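All remarks here apply to the structure that follows.
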Amino acid sequence: MGKQKKTKKYAVMKKRISLKDQRIKEKDRAKIQPKKEDPTAIKEREIPQLPSCLFFQYNTNLGPPYYILVDTNFINFSIKAKLDLVQSMMDCLYAKCVPCITDCVMAELEKLGQKYRVALRIAKDPSFERLPCSHPGTYADDCLVQRVTQHKCYIVATVDRDLKRRIRKIPGVPIMYISNHRYNIERMPDDYGAPRF
């Protein structure tokens, strides 16, 4: 029988003993100093600052006209379901809606090519508000999440499950999606036109 070949281990670091180890000579060893806590000192706790627009989970910044951040796949699925974007949004919310498209979403639509030229033509409509992006890269999901975290005055329109999951973690941001060939909205108290299940 031959010798078993040993595989080379990558990124293995050599183990170093700490300066407090018993094997190091007394004079070279690091001194252990116990921390003394002052019982009279006031203990400070770090509490995250909540936005002033939130009243518990209710977002007071939201009100007509609603500004709706539209995702790439939302436009594509609206075309498949034969829904007019602005009219269907108004039917869902019973108020004026302004669809907003970021530069990242526009770039994503342009990258999709000839197959999605109808979606690109809809997105270039002058009634849609264009939002410029200053960050590097063109990943639309990160862009939308970052924008919604900073400014809680938007509703996010998406069909993407991962993006929905990420936005649900941000309090006070409603999500618009497509179900049963109509728009529906989630986590919004004033959704008068939304279908009730």
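Quantities reported herein were computed from a predicted structural model and do not represent experimental measurements.
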Value rounded to 0.5 Å, distance of CG in L131 from NE2 in H151: 9.0 Å

CD-OH distance between E108 and Y139, expressed to the nearest 0.5 angstrom: 7.5 Å

Step-by-step side chain to side chain contact (heavy atoms under 4.5 Å, CB included) determination, Y177 to T158: CA-CA 6 Å; Y177 60 96; T158 185; over 6 Å; no

For D84, side-chain contact (heavy atoms from CB on, under 4.5 Å) partners two or more places apart: Q87

Distance in Å, S78 OG paired with I178 CD1, rounded so as to fall on 0.5 Å steps: 3.5 Å

Check ion pair E186-R168 (N to O, under 4.0 angstrom): yes

Residue list, ring pair (Phe, Tyr, Trp, His ring centres under 6.0 Å) with Y183, at least two apart or on another chain: F74

Atom of I75, atom of A123 and distance for their closest heavy-atom approach: CD1-CB, 4.2 Å

Hphob cluster co-occupancy, L112 + I122, side-chain heavy atoms under 4.5 angstrom: yes

Side chain to side chain contact (heavy atoms under 4.5 Å, CB included) assessment of V86 paired with V98: CA-CA 8 Å; V86 181; V98 181; over 6 Å; no

Candidate pair V105 and V70, rule side chain to side chain contact (heavy atoms under 4.5 Å, CB included), full reasoning: CA-CA 8 Å; V105 173; V70 183; 5.9 Å; no

Chi angles and distances behind the side chain to side chain contact (heavy atoms under 4.5 Å, CB included) call for Q146, T149: CA-CA 5 Å; Q146 182 190 353; T149 311; 5.6 Å; no

Side chain to side chain, P195 and N180, heavy atoms closer than 4.5 Å: no

Value rounded to 0.5 Å, distance of NZ in K80 from CG in N73: 9.5 Å

Spatial distance of atom CZ (R147) from atom SG (C133) [nearest 0.5 Å]: 5.0 Å

Spacing of CD1 belonging to I155 relative to CD1 belonging to I68, to within rounding of 0.5 Å: 4.5 Å

Cluster overlap V118 with F77, hydrophobic side-chain contacts below 4.5 Å: yes

Verify same cluster id: I185, Y94 (apolar side-chain graph, 4.5 Å): no

Same cluster (ILVMFWY, side-chain, under 4.5 Å), V148 and L54: no

K96 to Y66 six-membered ring, cation-pi geometry met (6.0 Å, 45°): no

Test: D142 and R166 ion pair at under 4.0 Å: yes

Any side-chain heavy-atom pair of I175 and L163 under 4.5 Å: no

N59 side chain vs K152 backbone, donor-acceptor pair below 3.5 Å: yes

Donor-acceptor contact below 3.5 Å, side chain R130 vs main chain C100: no

